[in-house]
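Below is one structure; the comments refer to it alone.
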Amino acid sequence: WKDKGAAVGLREEYDANGNLVVRQVKKGVRDFVFGRNLGEGSYSTVVLATDRQTLKEYAVKILDKKHIIKEKKIKYVNIEKDTLNRLIEHPGIVRLYYTFQDSASLYYVLDIASGGELLGVLKKIGSFDEECTRFYGAQILDAIEHMHNRGVIHRDLKPENVLLDDQMHIKITDFGTAKLLPDPRKPKGAPQADIPGVEMAGEDDEETRARSFVGTAEYVSPELLTDKNACKASDLWAFGCIIYQLLTGRPPFKAGNEYLTFQKIVGLDYQFPPGFPPAARDLVERLLVLDPQRRLSIEHIKNHEFFDGIKWGRGLWRMKAPRLK
Ligand SMILES: NC(=O)c1nn(CC2CCNCC2)c2c1CCc1cnc(N=C3C=CCC=C3)nc1-2
């Protein structure tokens with residue numbers, strides 16, 4: 001990285017009344033007051049931060065440059081930034097506002113999800129009723145549809161990566177292991193963005209990176225275990241696991257260790273507990289299908305009986321979140 005430091009760019013503009021307005025266009029470390037630690041990744045720390053000027057709160061993801069280079073994770077860093085830039089305008093996905101760097105670190109300034117993890121809420125109340133599962137399932141599916149329409153496969157969807165904002169609406173996070181397909185909105189052959197000036201020397205090539213990643217055991221799709229290839233339907237397998245888990249309090253495939261969990265997955269070895277709602281059961285059975293080609297498409301899921309009554313699109317994000325009981 002060329003160390004651009006935290007140079008703060010200022011732009012002089014004139015407003016409608018001809019008054020000179022000086023606008024700050026580049027943020028830096030000095031513009032934020034850093035607070036408590038929100039989470040640790042393998043090469044990043046996420047910290048609560050407040051913008052000194054606007055007092056707006058953010059989550060700032062701080063990536064250690066030395067560690068990234070030593071662990072050859074430059075590609076992951078590029079993928080995450082490119083992914084977040086592609087998904088910039090969906091209410092169900094953590095938004096990237098600014099990036100900057102100093103001599104030691106890269107900084108991503110992201111939406112704060114003050115409600116923490118969906119998993120935390122699920123653990124607190126045990127399991128969700130149908131209404132809450134329908135609402136949160138619909139928001140997660142709407143965000144997955146947006147990702148897939150932009151050529152992004154998340155590959156590690158799980159309740160820990162579904163966060164909640166102050167309206168108890170979801171915000172999906174952690175795109176460091178996403179798989180980026182060519183952006184359908186960019187004309188064929190157009191260069192796909194990267195972090196400028198970041199050498200890829202000694203980097204895994206994209207194919208190796210894309211094939212080397214396996215998500216979190218309980219949510220990994222069978223195709224990722226058998227032929228190492230994730231596709232959009234892999235996110236819908238994880239979605240089926242999440243719907244099952246919201247209604248029962250546990251994922252469908254869980255064993256004493258990862259190997260036994262993987263065996264259950266490829267053997268489609270799971271059961272529905274008594275009282276599992278029939279419409280939800282039909283939906284989950286059409287998602288937890290070994291052949292990714294035969295899994296329900298997003299359009300079919302949206303029209304499934306389980307989601308009867310859901311107003312898809314912008315209306316879904318204006319709805320008041322149901323009380324979690
Ligand atoms: N890896 C990330 O990008 C990331 N990690 N976190 C915190 C993790 C804590 C463990 N589970 C997954 C998330 C965040 C982000 C994005 C941006 C982001 C925005 N808001 C929060 N909010 C939290 C609030 C309370 C507890 C934990 C997180 N967290 C994050």
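What's counted below: heavy atoms across the whole structure, side chains too, no hydrogens, waters or symmetry copies. Counting convention: from 1, in listed order, for ligands and their atoms alike. Bear in mind the structure is a predicted one, so any value in this text is a computation, not a measurement.
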State, without any angle test, whether [X] and [Y] hold a side-chain donor-acceptor pair at a distance under 3.5 Å.
X    : Y    : result
Q101 : K65  : yes
Y98  : D31  : no
S297 : E299 : no

**OP:** Report yes if E117 has an N/O atom closer than 3.5 Å to an N/O atom of ligand 1; otherwise report no.
**Re:** yes
Original post:
Does an N or O anywhere in G39 fall below 3.5 Å from an N or O of ligand 1?
Top reply: no
Of all the non-hydrogen atoms in the protein, which one sits nearest to [atom], and at what distance?
atom                    : result
atom 14 (C) of ligand 1 : V46 CG1, 3.8 Å
atom 22 (N) of ligand 1 : A113 O, 2.9 Å
atom 7 (C) of ligand 1  : L38 O, 3.7 Å
atom 16 (C) of ligand 1 : T173 OG1, 2.9 Å
atom 26 (C) of ligand 1 : G116 CA, 4.0 Å
atom 19 (C) of ligand 1 : D111 O, 3.1 Å

Would you mind listing which atoms of ligand 1 come within a distance below 4.0 Å of any non-hydrogen atom of [X]?
X    : answer
A59  : 17 (C), 18 (C), 19 (C), 20 (N)
E160 : 11 (N), 12 (C)
L163 : 13 (C), 18 (C), 19 (C), 20 (N), 21 (C), 29 (N), 30 (C)

With under 30° as parallel and over 60° as perpendicular, where do the rings of [X] and [Y] fit, or are they tilted in between?
X    : Y    : result
Y107 : F34  : tilted
Y136 : F128 : tilted
H67  : Y43  : tilted

Subject >> Of all pairs that satisfy salt bridge (charged side-chain N to carboxylate O under 4.0 Å, His left out), the ones with a partner from residues 114-129, not counting sequence neighbours >> reply: D129-K325
Original post:
Among pairs that include at least one residue of residues 255-272, which meet salt bridge (charged side-chain N to carboxylate O under 4.0 Å, His left out), considering only residues two or more places apart or in two chains?
Top reply: K264-D269
Original post:
Which is closest to atom 1 (N) of ligand 1 in terms of heavy atoms, K61, E80, K158?
Top reply: K61
